A.B. asks: 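Encoded as structure tokens, here's the structure I'll be asking about.
Atoms within a ligand are numbered from 1 in the order they appear, just like the ligands themselves. If you're wondering where the values come from, they're calculated on a predicted model, not measured in any experiment.
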Amino acid sequence: MKLYRILQSQGFGSRKGCLARVRAGAVAVNGAVCGDPEAELDPAGLELTLDGVTWAYREKAYVLMHKPAGYECSQAPKHHPSVYSLLPEQLRNRGLQSVGRLDEDTTGLLLLTDDGQFIHALSSPKRKVAKVYEATLRHPMAQEQLQTLLDGVLLHGDTAPVRATACELPSPTLLRLTITEGKYHQVKRMVAACSNRVESLCRVAVGGLSLPEDLVPGHWIWLDEDDLARLWR
Ligand code: URA
């Protein structure tokens with residue numbers, strides 16, 4: 001693959017821009033400046049350095065973000081900044097999309113990728129991928145209500161109940177709940193169906209992948225093959 005095409009595929013700009021950057025000597029390949037944009041290279045395992053930053057070539061980009069409160073999971077946000085504004089330009093150029101959405105006031109684990117098939121598979125209700133949320137509650141919840149959530153609650157406008165596949169109360173106002181669907185405001189509506197209210201909500205895991213404790217809100221990390229495999233567990 002030609003160097004300028006590799007750069008384009010990684011989100012480093014237009015054809016014209018990538019050609020110009022290479023010709024200007026601004027691109028290093030595996031540590032050595034390469035001034036020929038037409039140089040034929042095997043992209044696998046390649047390291048590209050631009051503006052002092054080194055990027056590993058990735059055929060597809062998979063990212064885990066700690067979504068902060070006050071951000072919308074939309075490319076065209078209405079009232080708050082977009083989570084996409086937290087990504088570097090190169091990843092925005094690659095057209096990353098979030099896998100499902102979290103509400104503006106929800107925090108926690110958000111996956112973003114440019115792999116459409118992956119988004120489709122992970123979002124499919126048939127796959128039953130577990131999403132684990134921690135909700136702080138306005139009112140203390142009784143242990144008996146956990147059974148209501150496990151048995152299923154009927155949300156307004158729905159014909160079939162939605163149920164938690166697991167839930168626990170680490171404290172009377174902290175609910176840890178696992179669901180496998182991703183309906184609109186699902187956790188908040190399930191809690192409301194128990195005559196309570198979610199005060200704050202954080203997604204702490206998707207499948208076998210947990211939100212890293214040291215990942216600061218607004219920051220993101222690359223996911224590797226092992227992380228992706230853990231998602232399906
Ligand atoms: N359930 C909600 O109510 N909100 C979210 O953001 C995610 C799940």
A.B. asks: Would the distance check show the side chain of K67 and the main-chain N or O of D103 forming a donor-acceptor pair, the cut-off being under 3.5 Å?
C.D. replies: yes

A.B. asks: Mark yes or no for whether S82, through its side chain, and S74, through its backbone, hold a donor-acceptor pair below 3.5 Å.
C.D. replies: yes

A.B. asks: Is a donor on one side and an acceptor on the other found under 3.5 Å between the side chain of D224 and the backbone of D226?
C.D. replies: yes

A.B. asks: Please give me the minimum heavy-atom distance between V206 and L231, naming the atom from each residue.
C.D. replies: O-CD2, 3.5 Å

A.B. asks: I'd like the residue list for ligand 1, meaning every protein residue with a non-hydrogen atom under 4.0 Å from the ligand.
C.D. replies: L102, D103, T106, Y133, H185, Q186, V187, K188, L201

A.B. asks: With a 4.5 Å cut-off on side-chain heavy-atom distances among I, L, V, M, F, W and Y, is there a chain of contacts connecting L102 to V191?
C.D. replies: yes

A.B. asks: Under the side-chain contact (heavy atoms from CB on, under 4.5 Å) rule, collect the residues that match up with P170, sequence neighbours excluded.
C.D. replies: E168, L174, R176

